[in-house]
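Structure, as structure tokens:
Read the numbers this way: they start at 1 and go in the same order the structure lists the ligands and their atoms. Residues take their numbers from the sequence shown, with the count starting at 1. Worth saying up front: this structure is predicted, and the values here are computed from it rather than measured. We use all heavy atoms of the structure for the numbers below, so side chains are in, but hydrogens, waters and symmetry mates are not.
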Amino acid sequence: MRASMVAVGALVAGLLATGTVWATERIKTSAADPAGQRAMAEAGRKNAAFCANCHGEEGVSSQPGVPNLAGQNPAYLLDQIRKFGSGERKDPFMQGLIKVLKEEEREQLAAFYASRPASPASQADAALAARGRDLFVRQCQGCHGEQARGTDAYPRLAGQRATYLQTTLTNFRDQKGVRKSQPMSTVTAPLKNDDILALASYLTQLP
Ligand code: HEC
Ligand code: HEC
């Protein structure tokens, strides 16, 4: 127990050292207070027992359609949790689940998953990945960062499950209404299915 708390502390310290900006007041306050941050992530771990069925014990999913949460920007996680809660982002299961969580529990879950180390999801076809890289450099890295690790304002994409990336990008492009994001609808509008596959192949194998 103690060893794992120390490990969480080291990871959170590493995360803060890279300059992550915490977008919500409570997360922001606790960033200046490593002990508070640690307590928040530990509380999140307890609430995450059920989430682990799909998102994995440490936020690394073992199911193709389920996203990894480990190493994701905490402000983005909290934002998406709130969007499921309000119905702005649609997924029948996630909406029902999140609705019953209190705001404090949502923040703790975001802090927990953000503190876990990300790991690349899978190997990918090299030629497809190279094509995806070209597309990413031209059209995506301005927001998602050179290494696709996200910023304080944009989600991490590196190491995400390929199937999830493909579905998500297709949903944005086709404006299926499951998620709304003006920048993502605009940027995906001209993409062909092959482009989306190439992007997913590139992003999924990034560390
Ligand atoms: C039955 C499986 C299942 C369980 C249990 C589950 N999730 Fe999910 N979760 C999903 C799926 C599937 C998606 C992707 C939905 C979509 O395609 O938009 C998702 C998406 C998410 C996202 C958005 C990630 C992103 O990159 O945008 C967050 C955050 C999340 N879940 C948090 C949680 C938390 C917190 C719990 C526990 C309280 C939980 N989930 C439990 C299946 C599950
Ligand atoms: C102008 C800035 C911008 C650009 C350029 C951009 N994105 Fe995004 N992206 C965003 C924002 C903002 C979100 C969060 C949307 C939300 O809140 O649902 C996002 C979300 C995503 C997601 C969902 C992540 C998850 O975990 O569910 C994926 C996948 C994604 N972007 C891929 C891309 C790809 C691939 C490109 C290039 C073709 C790209 N983005 C270009 C701003 C951008």
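- Atom CG of Leu109 and atom CG of Leu77 lie 9.5 Å apart (nearest 0.5 Å).
- The residues Glu58 and Arg45 are annotated as salt-bridged, a charged nitrogen and a carboxylate oxygen being separated by less than 4.0 angstrom.
- To the nearest 0.5 Å, the span separating NZ on Lys192 from CZ on Arg173 amounts to 9.0 Å.
- Protein heavy atom in closest approach to atom 18 (O) of ligand 2: Arg179 NH2, 3.0 Å.
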(request) Show your working on side chain to side chain donor-acceptor pair (under 3.5 Å) between Arg116 and Asn68 and close with a plain yes or no. (result) CA-CA 10 Å; Arg116 310 317 303 146; Asn68 294 335; over 6 Å; no
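- By the 6.0 Å contact criterion, CD on Gln63 is enclosed, its count of non-hydrogen atoms from other residues, nucleotides or ligands being greater than 12.
- In terms of protein heavy-atom proximity, atom 16 (C) of ligand 2 is closest to Gln80 NE2, 3.5 Å.
- Of the possible polar contacts, one joining the Gln205 side chain to the Tyr202 backbone as a donor-acceptor pair under 3.5 Å is found.
- Among residues two or more places apart in sequence or in another chain, the side chain to side chain donor-acceptor pair (under 3.5 Å) test is passed with Thr204 by Ser122.
- Those atoms of ligand 2 that come under 4.0 Å of a heavy atom in Gln139, given as number and element, are 5 (C), 37 (C), 41 (C).
- The protein atom (non-hydrogen) at minimum distance from atom 12 (C) of ligand 1 is Gly65 O, 3.8 Å.
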Pairs under 3.5 angstrom only: tabulate donor-acceptor contacts from the side chains of residues 136-150 to other protein residues two or more places apart or in another chain.
from   : atom 1 : to     : atom 2 : distance (Å)
His144 : ND1    : Pro155 : O      : 3.0
Arg149 : NE     : Pro207 : O      : 3.4

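- The nearest protein atom to atom 27 (O) of ligand 2, hydrogens excluded, is given as Tyr164 OH, 2.5 Å; this is a heavy-atom distance.
- With values rounded to the nearest 0.5 angstrom, Ser185 atom OG is found 12.5 Å from Lys176 atom NZ.
- Nearest protein neighbour of atom 26 (O) of ligand 2, counting heavy atoms only, is Tyr76 OH, 3.3 Å.
- Neither the backbone nor the side chain of Leu135 has a heavy atom within less than 4.0 Å of ligand 2.
- Nearest protein heavy-atom contact of atom 23 (C) of ligand 1 is Arg89 NH1, 3.5 Å.
- At least one donor-acceptor pair closer than 3.5 Å links the side chain of Asn53 to the backbone N or O of Phe50.
- Judged purely by atom type and a 3.5 angstrom limit, Asp125 has no side-chain atom pairing as donor or acceptor with the backbone of Ser201.
- With values rounded to the nearest 0.5 angstrom, Arg106 atom CZ is found 8.5 Å from Leu78 atom CG.
- Under a 3.5 Å cut-off, the side chain of Asn47 and the backbone N or O of Gly44 do not form any donor-acceptor pair.
- Among all non-hydrogen protein atoms, the one lying nearest atom 17 (O) of ligand 2 is Lys83 NZ, 2.9 Å.
- Neighbouring protein atoms of atom 8 (Fe) of ligand 2 (N, O or S, distance under 2.8 Å, waters ignored): His144 NE2, Met184 SD.
- Shown here are the protein N/O/S atoms lying under 2.8 Å from atom 8 (Fe) of ligand 1, water excluded: His55 NE2, Met94 SD.
- Atoms of ligand 2 found under 4.0 Å from any heavy atom of Leu165, numbered from 1 in the order shown, are 29 (C).
- One finds a salt bridge joining Arg82 and Glu103 here, because a Lys/Arg side-chain nitrogen approaches an Asp/Glu carboxylate oxygen to under 4.0 Å.
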